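What follows is a short report on a single structure.
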Amino acid sequence: QALEALAENGDTKESMSEVSKSQYHGLAKGRNLIVVQLESFQNFLIGASYEGQVITPNLNRLLQEDTLYFDHYYQQIGKGSTSDAEFASQNSFLPVMYGQSYTRFMDNAFYGLPWIMRENGYSATAFHGYVGEFWNRDEAYPQQGFEDFYSAEDFVVNDDNTVGWGLGDESFFRQSVSVMKSLPKPFYSFLITLTSHNPYDITDRYEGIQLRPEQEDTLFGNYLNAVHYTDAAIGTFLSQLKQEGLYDNSIIVFYGDHFGLKATDEENQEQMSAFLGHTYDYDEMFNIPLIVHIPGSGVSETISTAGGQIDFMPTIVDLMGYNDSVRVALGKNILTQEEGFVVSQAYMLKGSFITDDIAFEISKDGIFEHSRAWDLHTREAIEDIEPFREQYEKALQFVDLSTAMLEQNYMQFTCNVPVERLPVNGVRGLM
Ligand code: GP9
C-alpha cells in the first residue's frame, strides 16, 4: 500500500535514486573516505564549556577551517540504537521499530555507501572495539557491503587500554590507523567508537573535566567527562592520520549515533535545562553533530538546514561525486535542500517530525488533536497545530514506505548486489 501511494504521488524509483548536485559536488572525489560514528554524542557539546573547561576542543578546532558543519542534524534510530544509526546512515532507509534491522533484514540486498564506494574503486572496511556479534554486526556487514570487519576479537584489548565498556577510543583509533595505512587506496573506513557509552563512568581511568561536587557521580557529569575523553582521542587520531600520510588525501567525517542524556529522566532534565538555560526537549536530545572535514579544500560553512541520518548517504555521495551510483535513497542531499524535514518514530513516535523551524510530536495516544508543536528558535509552544496536519500525514506515510521497502526486500530489484554473502577478508595482525 505504501509503495502504491508513493507511485500515485509520482514519487517513483527514479526520483528516489536521483541525488541532486550541490555546489560542493565532487569536492572530495578520489580521497579516502573516513567516517567516524561517535557513541552517544550530542550536538550541544560542540563549542560548549563547563565551568570554563572546553568540552570538545579538538572537534571545535576542526570547525575553524576546511569543514562543513551541520548543526541541525538529528538521530533517526529505532530499537537497534547504535546499529540503527549505522543502518540509516549507510543505506538511507529508516530502521524498523519492531525489531533490530541488522538482524531482521540480514539477508536483504542493500546498495548503501560501502557498495557505492566499492563500485567506484574503493575498499570498504568497518572497525569497532566491541565484540563482533553485538547487534549482529558480524552477520550483517557482508550484505551491507563491508569487505572486512575489525572487532574486539581482532584488536589488542588488555587492562591498559580498556576504558569503560571495553577497548578505549584512544587505542581503538591508534590500532585502526595501523590497519588503514596498509589498506589499498583509496579506501572507505567506517569506525564506530565505544568509550562514551552509558553509564559514562570512566573516572577510574580519566578525569579531564573537573566537576562541581554536586555533579560528581551523576550521569550528566560523567557524560561530560566521557565525551571529553573521546574528543581527546579524536585529537590524537587526527595527528596519527597526519603522521601516516593519510590526512591530506582524505575526507574525515564525524557524526553522533544518538543521544547520551534522555530528556525524560528527571535528573538529566534538571541538569541539562540548567546547562542550556531552557527546558531540555526532544529536538535537543535528538540533535547530533555532523562534521565533514576536507583538509585543504578551503571550504568552511555551517549548514543549518534540518537533516537526519537517512540524509547522510546522499549528502556524502554528492561530496564524493558519485551521485549516479545511488540506486535508492529515501533521504535527501542536505546540501541542496531549501527546507529540511526529518521524521521520527522513536521517543517522538511515528508521525512526528522536525523542520528547520519547528518540532511536532504526535501525542502518545496517536490523536493528532492531542499533539504538540514548538518553535525551535523561541522554544515556545505553538497553539495552533492544524497547519502541520499535512506534514504529519507525510511523516506517517514516509515511515510506512521505508518499512514496506525493507519488508519486500526492494533493493533486490534495483541493484546487482550478489545475494550470496561475500567472504570476509583483509589485512590482519594489529600492533
Ligand atoms: C556496542 C555499541 C553499543 O557495540 O555499539 O551500542 P548501543 O548500546 O549504544 O546501542
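In this text, all values refer to a predicted model and were calculated from it rather than measured experimentally. For ligands, and for the atoms within them, numbers begin at 1 and follow the listed sequence.
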### Task
Give yes if a backbone or side-chain nitrogen or oxygen of W165 is under 3.5 Å from a nitrogen or oxygen of ligand 1, and no if not.
no

## Note on the structure
atom 8 (O) of ligand 1 sits nearest the protein heavy atom H197 NE2, 2.8 Å

### Close aromatic pair by centroid cut-off 6.0 Å: F127 and F172
no

## Note on the structure
d(L261 CG, F220 CZ) to nearest 0.5 Å is 7.5 Å

### Query
So, for Y347 and F259, is the gap between ring centers shorter than 6.0 Å?
yes

### Query
Does any N or O atom in Y130 lie less than 3.5 angstrom from one in ligand 1, N or O only?
no

### Message
Only heavy atoms of H128, strictly under 4.0 Å: list the atoms of ligand 1 that pass.
### Response
1 (C), 2 (C), 4 (O), 5 (O)

#### Entry: Close-contact set for ligand 1 against H258 heavy atoms, below 4.0 Å
9 (O)

### Query
When F146 is tested against each of S123, P114, S189 for side chain to side chain contact (heavy atoms under 4.5 Å, CB included), which residue passes?
P114

### Message
I'd like to know whether the aromatic ring centres of F254 and F41 sit less than 6.0 Å apart in this structure.
### Response
no

### Message
Which residue and atom name correspond to the protein heavy atom nearest atom 9 (O) of ligand 1, and how close is it?
### Response
T82 OG1, 2.6 Å

### Task
List every atom of ligand 1 that sits less than 4.0 Å from any heavy atom of F134, numbering the atoms from 1 in the order shown and giving each element.
1 (C), 3 (C), 4 (O)

### Message
Could you work out, for atom 5 (O) of ligand 1, the closest of Q37, R137, E133, E39 by heavy-atom distance?
### Response
R137

### More than 12 heavy atoms of other groups within 6.0 Å of E266 CD
no

### Message
Does any N or O of ligand 1 fall below 3.5 Å from an N or O anywhere on W135, backbone included?
### Response
yes

### Message
I want to know if ligand 1 touches D257 in the polar sense, i.e. an N/O pair below 3.5 angstrom.
### Response
no

### Query
When the ring centroid of F388 is compared with that of Y392, is the distance short of 6.0 Å?
no

